[in-house]
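Computed from a prediction, not measured in an experiment: that's the story for all the values here.
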Amino acid sequence: MKKFLKWTIIVVLSIVVILLVSAFVLKQKTENRLSKVYEIKEEKIMIPADTASLMLGQRWASHCKGCHGADFSGTEFFKDEGLGEINAPNITSGVGGRTAKYTDQDWIRIIRHGVKPNGTPSFIMPSDSFNNFTAEELGCLIAYLKTIPAVDKKWQDQP
């Protein structure tokens with residue numbers, strides 16, 4: 001009986017140690033990845049202003065509504081009392097909006113590469129879905145996003 005108890009304790013402690021080490025490594029890798037600064041080469045894209053381009057941009061922007069909401073003010077992306085929450089940001093120019101001061105290059109960087117203006121990666125941005133946009137398509141999308149009405153919505157986790 002003592003031998004069984006001894007081995008049970010060894011196995012349980014081993015599992016606990018493995019879980020703790022794994023959690024630590026995962027946390028470190030995540031923090032390193034999210035704090036890494038990326039240098040994105042500046043890309044020259046014409047941002048049109050004509051009605052036809054804005055309509056095309058509006059059509060492309062329908063893909064953004066899944067995360068950022070019908071009015072682009074953001075949505076509750078994930079919420080669990082035990083794990084926390086992740087909110088898709090407000091991408092309007094209203095209070096709490098992250099894009100009010102975006103330059104064209106900032107828009108290109110976040111949409112095409114998932115990289116914020118400060119060079120760090122966005123936590124969740126499906127840039128691989130937009131990476132293959134032509135310069136014209138991306139220009140139309142940015143042109144439209146710059147015209148969406150401002151919505152004042154600030155998430156609790158925002159500074």
Shared hydrophobic cluster for Ile86 and Met125 (ILVMFWY, side-chain gaps under 4.5 Å): no

Co-membership, hydrophobic cluster, residues Ile110 and Ile47, 4.5 Å side-chain: yes

NZ on Lys116 to OH on Tyr102, rounded to 0.5 Å: 8.0 Å

Whether over 12 other heavy atoms sit under 6.0 Å from Lys36 NZ: no

Taking every non-hydrogen atom, the tightest pair across Ala150 and Gly94: CB-N, 3.5 Å

Closest non-hydrogen atom pair, Asp80 against Gly82: OD1-N, 2.9 Å

Step-by-step side chain to side chain contact (heavy atoms under 4.5 Å, CB included) determination, Ile142 to Ile108: CA-CA 8 Å; Ile142 293 169; Ile108 293 167; 3.6 Å; yes

Shared hydrophobic cluster for Ile18 and Leu26 (ILVMFWY, side-chain gaps under 4.5 Å): no

Salt bridge Lys44-Glu42, side-chain N to carboxylate O under 4.0 Å: yes

Backbone of Phe4 reached by a side-chain donor or acceptor of Thr8 within 3.5 Å: yes

Nearest atoms (heavy-atom pairs only) where Cys140 meets Ser53: CB-O, 3.4 Å

Phe133 atom CZ, over 12 foreign heavy atoms within 6.0 Å: yes

Value rounded to 0.5 Å, distance of CG in Leu20 from CD1 in Ile15: 12.0 Å

Asn87 CG to Cys67 SG distance, which is reported to the nearest 0.5 Å: 11.5 Å

Glu136 atom CD, over 12 foreign heavy atoms within 6.0 Å: no

Intermediate values then yes/no, side chain to side chain contact (heavy atoms under 4.5 Å, CB included), Ile91 and Leu145: CA-CA 8 Å; Ile91 59 170; Leu145 290 173; 4.3 Å; yes

Shared hydrophobic cluster for Phe78 and Ile124 (ILVMFWY, side-chain gaps under 4.5 Å): yes

Residue pair Asp152 / Val95: nearest heavy atoms and the distance that separates them: OD1-N, 2.7 Å

Expected output: side-chain Ser122 to main-chain Gly114 donor-acceptor under 3.5 Å: no

Close side-chain approach of Leu138 to Ile111, heavy-atom, < 4.5 Å: yes

Of all pairs that satisfy salt bridge (charged side-chain N to carboxylate O under 4.0 Å, His left out), the ones with a partner from residues 137-148, not counting sequence neighbours: Asp104-Lys146

Residue pair Val37 / Thr120, side-chain heavy-atom distance below 4.5 Å: yes

Minimal non-hydrogen separation, Pro48 against Ala143, with atom names: O-CB, 3.1 Å

Single-linkage hydrophobic cluster Val115~Ile45, side-chain heavy atoms < 4.5 angstrom: no

Gln105 side chain vs Glu43 backbone, donor-acceptor pair below 3.5 Å: yes

Asp71 CG to Lys65 NZ distance, which is reported to the nearest 0.5 Å: 9.0 Å

Reference residue Phe130; test side-chain contact (heavy atoms from CB on, under 4.5 Å); the match among Arg112, His113, His63: His63

Polar side-chain atom of Lys153 near backbone of Asn90 as donor-acceptor pair, under 3.5 Å: no

Taking every non-hydrogen atom, the tightest pair across Ala61 and Phe72: O-CE2, 3.7 Å

Check: Thr103 main-chain N/O paired with Asp106 side-chain donor or acceptor under 3.5 Å: yes

